[in-house]
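Worksheet: one structure, shown below.
In what follows, every chain begins at residue 1, and chains take the letters A, B, ... in the order their sequences are listed. Because the structure is predicted, anything quoted here is derived from the model rather than measured.
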Amino acid sequence: MSRTIEFTDTEFMIAQGARLLEDGKTFFVGWGIPQVVAILGQKLYVPDVIQLFEFGAVGPQSVLPFVRGTMGGPQNTYRSLQWLNMNWAFAYSGSGYMDYGMLGALQVDPYGNINSTYLGGTFRKPERRFAGSGGGNQVASHCWKTIIVIKHEGRRFVPRVDFLTSPGYLTGPGAREKAGLPAGTGPYRVVTSKALFGFDGETKRMSLLAVLRGLDPRDVVKDMAFRPMMAKEIGEIPPPTDEELRLLREEIDPSRFLIRGEKMSASA
Amino acid sequence: MSRTIEFTDTEFMIAQGARLLEDGKTFFVGWGIPQVVAILGQKLYVPDVIQLFEFGAVGPQSVLPFVRGTMGGPQNTYRSLQWLNMNWAFAYSGSGYMDYGMLGALQVDPYGNINSTYLGGTFRKPERRFAGSGGGNQVASHCWKTIIVIKHEGRRFVPRVDFLTSPGYLTGPGAREKAGLPAGTGPYRVVTSKALFGFDGETKRMSLLAVLRGLDPRDVVKDMAFRPMMAKEIGEIPPPTDEELRLLREEIDPSRFLIRGEKMSASA
Amino acid sequence: MKIRKEGDIEYRFEHPDDFRRFVRDKKSRKAEPKLFSSKEAVSAFVADGDYIVYDFSSLTRGPQALIREVIRQRKKDLWVCAEFTLHESALLVGAGCATRIDVGFLGYGSYIGQAVCEGRVRVYEWTNGGLALRMLAGARGVPFLPTRDLLGSDNMSVSAAKVVEDPYTGLPVAVVPALNPDVAFLHVHQADIHGDARIFGTNLFALEAAMASHRVIVSAEEIIDHDEFRKDPMRTTIPYFLVDAVVHAPFGAYPGAMPARYEIDLPHVDMLNGIRNDLQMQEYLQENIYSVADHEEFLDKRVGARRMAELRRAATIMEGYR
Amino acid sequence: MKIRKEGDIEYRFEHPDDFRRFVRDKKSRKAEPKLFSSKEAVSAFVADGDYIVYDFSSLTRGPQALIREVIRQRKKDLWVCAEFTLHESALLVGAGCATRIDVGFLGYGSYIGQAVCEGRVRVYEWTNGGLALRMLAGARGVPFLPTRDLLGSDNMSVSAAKVVEDPYTGLPVAVVPALNPDVAFLHVHQADIHGDARIFGTNLFALEAAMASHRVIVSAEEIIDHDEFRKDPMRTTIPYFLVDAVVHAPFGAYPGAMPARYEIDLPHVDMLNGIRNDLQMQEYLQENIYSVADHEEFLDKRVGARRMAELRRAATIMEGYR
């Protein structure tokens with residue numbers, strides 16, 4: 001007999017992201033939801049992951065609860081291996097020491113290019129303006145594998161991003177290298193609030209790998225403004241576990257500021 | 001009635017160098033005799049001078065006695081304002097914060113170009129090989145005014161250095177700027193064991209400013225392998241004072257390792 | 001010539017020789033007392049049209065007292081280096097102080113985004129890494145530095161970053177021009193009256209910014225004896241001869257946190273982030289900045305001893321900050 | 001392709017992508033115990049033909065125990081980055097280990113100068129600042145960095161530094177290629193068994209070299225608990241994932257000084273500097289290196305507890321070193 005689990009889309013996105021982390025590896029963590037993904041993962045699955053933050057915290061072991069909005073505060077830098085500054089943080093990534101990068105996005109295109117700058121209009125006259133790159137451009141340029149964490153809203157998946165803030169595979173195979181970006185790097189996974197995407201080895205286009213248990217893959221992709229590739233077998237992602245939800249709700253974000261979202265449910 | 005002071009040529013060179021220091025200014029200090037000049041000056045005349053060493057000691061107040069050969073040891077870095085590293089040291093000089101540089105030399109030419117690499121033969125087959133630039137090239141390139149400290153031996157003053165290790169005025173007026181070196185910088189004084197030289201504002205050629213009391217300027221320049229310019233009035237430099245000699249002999253270098261040299265005398 | 005233009009792109013750039021001359025002629029190396037009130041410091045060293053930079057984040061060790069004083073003095077036409085910061089940009093634009101922003105990170109809250117859409121402020125996209133590198137170039141006295149990012153992105157077209165061919169590999173490499181701001185604001189844990197300063201914890205580019213900027217204003221939670229610095233040179237973040245003014249400003253990072261001193265005032269930050277329009281912005285500015293004479297009056301009348309004590313008690317993580 | 005040639009000039013250069021791939025594939029990020037004897041560490045991580053770098057000076061915190069072990073193992077054809085060092089180059093050349101030297105500072109004593117004159121070792125002139133910058137480029141993963149020195153000097157013709165036109169000012173600027181050594185030796189005050197390391201005092205480019213090098217051997221006066229590093233992250237010089245081997249080597253900087261631990265053994269250094277010919281060199285090597293099994297036996301039989309105690313007592317300056 002299977003139970004039904006209730007959760008928000010954000011909770012699912014964070015939980016499935018946390019399960020992707022690889023222990024004993026280095027993660028360059030972007031601002032916002034990626035921080036929560038890294039914290040959940042480190043507490044639950046990958047204690048020996050080394051987080052890096054652009055302001056120079058190397059290997060912190062965060063104190064809970066997570067203080068929303070903050071990055072450089074004492075909670076998020078607690079028990080670091082080393083405290084440095086921004087130019088050193090990007091030296092770690094520039095010289096190849098960062099296995100993974102993890103970033104949020106406003107929009108993403110089939111090649112994993114990220115827009116976090118503006119939506120609609122032009123650069124000088126945007127319809128809606130957002131934060132811009134921060135250190136995202138460096139993270140997406142330098143890290144070996146970039147994980148993009150993004151809400152599963154069709155309008156966020158566009159054939160061409162309004163502004164290319166942080167590079168994915170640009171225009172396709174070989175384009176990163178041709179532009180001068182470090183060889184062998186690029187987007188690796190797109191973690192959404194419904195599904196998980198990878199990138200096809202040949203075409204470098206986004207490819208659906210798995211969906212939340214109970215969802216129909218065709219429904220998952222039908223709102224997307226581009227047609228992703230489909231893996232041979234589409235996997236099924238279990239919903240957040242009790243322990244993931246407990247940790248998120250009681251320890252990481254007791255004010256429920258970050259983990260709120262659309263209500264969902266799935267069988268445990 | 002004047003006393004006669006007895007001293008070594010090295011002691012005179014150090015003492016007259018120490019008197020050149022300007023209080024409340026920054027000095028990038030090279031290895032060896034320049035260190036002793038800076039120590040004597042700071043103890044006696046310019047307490048608020050800020051010394052900088054290439055290994056990243058900013059503003060030390062050295063402990064005596066001076067430990068010969070050392071630069072980075074605890075004696076020479078005592079009570080620094082800041083301890084950093086080499087790339088930061090050359091950032092201080094690169095961005096214009098170093099008023100003076102002070103360097104030794106094997107050879108110097110009329111434009112104040114310094115050789116500290118080899119003498120005779122070719123680079124690949126030198127007759128005598130020495131230490132090379134160290135950080136001297138950076139000091140002579142970046143600092144506003146470079147002071148060269150060199151024994152007054154005719155063969156050290158050559159029309160053209162065997163190897164241009166650290167730049168003076170290169171081939172003459174405008175040459176530094178044309179090469180891309182920071183504008184307005186260059187050699188300022190040459191302190192020797194007999195005399196003091198400056199550089200002519202127009203020709204940028206070395207010019208005799210003063211000699212040790214009792215010496216004849218013509219004798220001082222006659223051994224030099226190039227003919228320096230002569231200032232309109234050649235000044236007279238008093239010999240080391242009792243206090244300079246006491247400090248050098250009793251506190252700075254009690255083993256007399258560094259201050260030994262040819263015996264000289266002059267009236268006090 | 002401190003502003004250059006290439007096509008549509010304006011950028012702050014000063015020939016390294018010009019910056020060097022400023023450093024030679026206008027920056028004293030003397031260990032003199034430099035204690036100023038925030039009013040005096042901002043009045044003396046910040047002019048209309050200046051390019052300003054600050055370290056660190058709005059929520060952590062940001063120089064908030066100095067920013068508020070800039071607003072109180074109604075400085076005009078500032079160009080802001082908005083690296084890893086949040087609401088300062090919104091306040092400076094909302095108050096009519098800033099007209100250009102190098103981004104960085106332009107967050108958060110909707111007010112600043114709206115201002116960009118309305119064309120009330122011009123923005124350039126350098127990215128955080130690009131701005132940090134520009135600051136390092138400015139500090140080293142070189143006209144540019146190369147990097148293997150920015151490449152292939154649209155930031156290249158809305159900044160003055162360029163692509164050059166690496167002379168060793170032939171690879172395309174991005175280069176960014178040096179940045180030498182007019183003024184740097186640094187809020188620190190400890191300073192002496194000459195300007196020697198200590199920051200505990202990480203920083204963005206505190207030393208780079210201090211070295212690269214024409215003028216440096218340090219505000220400090222605590223003023224300590226000069227001798228303390230000489231006893232422990234590894235802990236010096238900034239030596240005095242880079243600094244023009246020292247302001248004693250306890251709670252100078254409020255409403256942000258000062259690590260190991262006090263925590264963030266989250267309700268106040270929420271109020272800031274909730275600003276959606278000019279009416280709300282002007283109300284905030286009136287209440288928290290214009291209507292009080294200075295930082296001290298702001299603390300007394302708008303924060304209060306009780307709240308400050310609470311925030312101090314909330315700062316329980318001391319480990320590593322000393 | 002780690003050695004390049006332009007005209008007469010050989011230089012060590014690795015494409016940044018190749019170095020990055022090495023870092024990805026061959027450098028573990030796991031916090032594993034890495035305690036080695038100096039014999040094991042040098043045997044495992046130093047190969048004939050390697051390019052080696054060390055921090056700091058021969059007389060201060062130099063990795064002398066590791067250098068002696070390299071000589072004891074009679075490594076061949078090493079290329080040495082001789083920055084701010086003194087007698088190591090002479091010993092490595094005298095022992096037949098090193099055949100190429102990037103200078104730096106090639107001092108002192110007459111032995112090494114004589115070896116250059118006789119063509120027993122090839123030298124290239126990068127200057128101290130140039131080598132430090134090359135190391136920074138290697139650490140940042142960029143193929144080159146620019147600088148406003150070297151220009152106009154003869155070093156340009158006996159190194160692979162080049163002059164390029166700055167894309168912003170048109171100024172001629174010197175550029176130096178990145179340096180990614182095979183092995184870095186760092187002698188530190190404290191390390192844990194994973195490789196986290198602390199240096200007290202200044203350094204040349206300890207973090208740059210650790211980040212830029214393929215392999216990093218840390219020798220430490222003291223092994224401390226990992227937790228100590230996490231309690232005080234500002235004092236970490238090198239984090240463990242850059243480090244391949246940790247050697248516990250008290251008196252590892254002897255005959256040089258370890259600040260706040262022991263002083264220079266000046267008579268021993270004078271003996272070193274007095275070496276004028278090969279006979280004297282071979283005698284020195286035999287007596288101090290070949291004839292003892294390892295660093296510990298060297299300390300017991302050639303230095304002795306009494307002398308070590310004297311040198312410890314002579315280190316009276318503690319201020320700032322903690």
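Of all the listed residues (C:Thr147, C:Asn155, C:Leu207), the one sharing the greatest number of non-hydrogen pairs under 4.5 Å with chain A is C:Asn155. In terms of heavy-atom pairs under 4.5 Å with chain C, the best-connected choice from A:Thr70, A:Val67, A:Leu84 is A:Leu84. Among C:Ser57, C:Ala115, C:Gly104, the residue with the largest count of heavy-atom pairs under 4.5 Å with chain A is C:Gly104. In terms of heavy-atom pairs under 4.5 Å with chain C, the best-connected choice from A:His142, A:Lys178, A:Arg124 is A:Arg124. Listed options C:Leu266, C:Thr316, C:Asn273, C:Ile112 were ranked by heavy-atom pairs under 4.5 angstrom with chain A; first place goes to C:Leu266. Counting heavy-atom pairs under 4.5 Å between each of A:Gly56, A:Pro126, A:Gly132 and chain C puts A:Pro126 at the top. Between chain C and the options A:Trp31, A:Phe53, A:Trp88, A:Tyr118, heavy-atom pairs under 4.5 Å are most frequent for A:Trp31. Top candidate by heavy-atom pairs under 4.5 Å with chain A, chosen from C:Leu171, C:Val158, C:Val163, is C:Val158. Chain C forms the most heavy-atom pairs under 4.5 Å with one residue out of A:Glu54, A:Glu177, A:Lys125, and that residue is A:Glu54. For the set C:Gly129, C:Gly113, C:Gly119, the count of heavy-atom pairs under 4.5 angstrom toward chain A peaks at C:Gly129.
For CZ of C:Arg120, the number of neighbouring non-hydrogen atoms (other residues, nucleotides, ligands) closer than 6.0 Å is greater than 12. Heavy atoms of other residues, nucleotides or ligands lying less than 6.0 angstrom from CD of C:Glu118 number more than 12. Around the CZ atom of C:Arg312, the shell of radius 6.0 Å holds more than 12 heavy atoms that belong to other residues, nucleotides or ligands.
The two atoms that bring A:Leu164 and C:Asp154 nearest to each other are N-OD2, 2.6 Å, heavy atoms only. The shortest non-hydrogen separation linking C:Pro172 to A:Ala179 is CB-O, 3.7 Å.
How far CG of C:Leu133 is from CE of A:Met86: 11.5 Å, rounded to the nearest 0.5 Å. If you take CG on A:Asn87 and CD on C:Glu208, they are separated by 5.0 Å, rounding to the nearest 0.5 Å. Atom CE of A:Met71 and atom OG1 of C:Thr60 lie 10.5 Å apart (nearest 0.5 Å). Separation of atoms CG (C:Leu136) and CZ (A:Phe90) is listed at 13.0 Å; rounding is to 0.5 Å. Rounded to the nearest 0.5 Å, atoms CZ (C:Arg148) and OG1 (A:Thr185) are 8.5 Å apart. With rounding to the nearest 0.5 Å, the separation of SG in C:Cys117 from CG in A:Leu119 is 9.5 Å.
For C:Thr127, the parts sitting under 4.5 Å from any heavy atom of chain A are the backbone and the side chain alike. In this structure, chain A has no heavy atom under 4.5 Å from any part of C:Leu131. Only the side chain of C:Leu59 has a heavy atom closer than 4.5 Å to any heavy atom of chain A. For A:Val63, the part lying near chain C is the side chain, with the backbone staying farther off; criterion is any non-hydrogen pair under 4.5 Å. In this structure, no portion of A:Arg176 lies under 4.5 Å from any heavy atom of chain C. At a 4.5 Å heavy-atom cutoff, the contact between C:Ala132 and chain A is made by backbone and side-chain atoms alike. With a 4.5 angstrom heavy-atom cutoff, A:Phe163 touches chain C via backbone and side-chain atoms both. Of the two parts of C:Val103, only the side chain, counted from C-beta on, holds a non-hydrogen atom closer than 4.5 Å to a non-hydrogen atom of chain A. In this structure, no portion of C:Val269 lies under 4.5 Å from any heavy atom of chain A. If you measure heavy-atom distances from C:Leu86 to chain A, the contacts under 4.5 Å come from the side chain alone. Only the side chain of A:Thr117 comes within less than 4.5 Å of a heavy atom of chain C; its backbone N, CA, C and O stay farther away.
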Please assess C:Tyr321 against A:Thr77 for the test side-chain contact (heavy atoms from CB on, under 4.5 Å), listing each intermediate value before the final yes or no. CA-CA 11 Å; C:Tyr321 298 99; A:Thr77 60; 3.0 Å; yes
What verdict does the side-chain contact (heavy atoms from CB on, under 4.5 Å) test give for C:Asp270 and A:Arg68, after you've listed the backbone C-alpha separation in whole Å, the side-chain angles of each residue and the deciding distance to 0.1 Å? CA-CA 10 Å; C:Asp270 284 343; A:Arg68 55 195 158 84; 2.8 Å; yes
Between A:Gln75 and C:Ile264, does a side-chain contact (heavy atoms from CB on, under 4.5 Å) hold up when you go through it step by step? CA-CA 11 Å; A:Gln75 294 82 5; C:Ile264 298 174; over 6 Å; no
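Using cut-offs of 30° and 60° for the angle between ring planes, the A:Phe55 and C:Phe56 rings count as perpendicular.
Of the possible donor and acceptor atoms, none in the side chain of C:Asn128 sits under 3.5 Å from a partner among the backbone N and O of A:Ser133. Looking only at distances, a side-chain donor or acceptor of A:Asn137 sits under 3.5 Å from a matching main-chain atom of C:Leu150.
Checking C:Arg261, C:Glu263, C:Met258 one by one against A:Pro74, the side-chain contact (heavy atoms from CB on, under 4.5 Å) holds for a single residue, C:Glu263.
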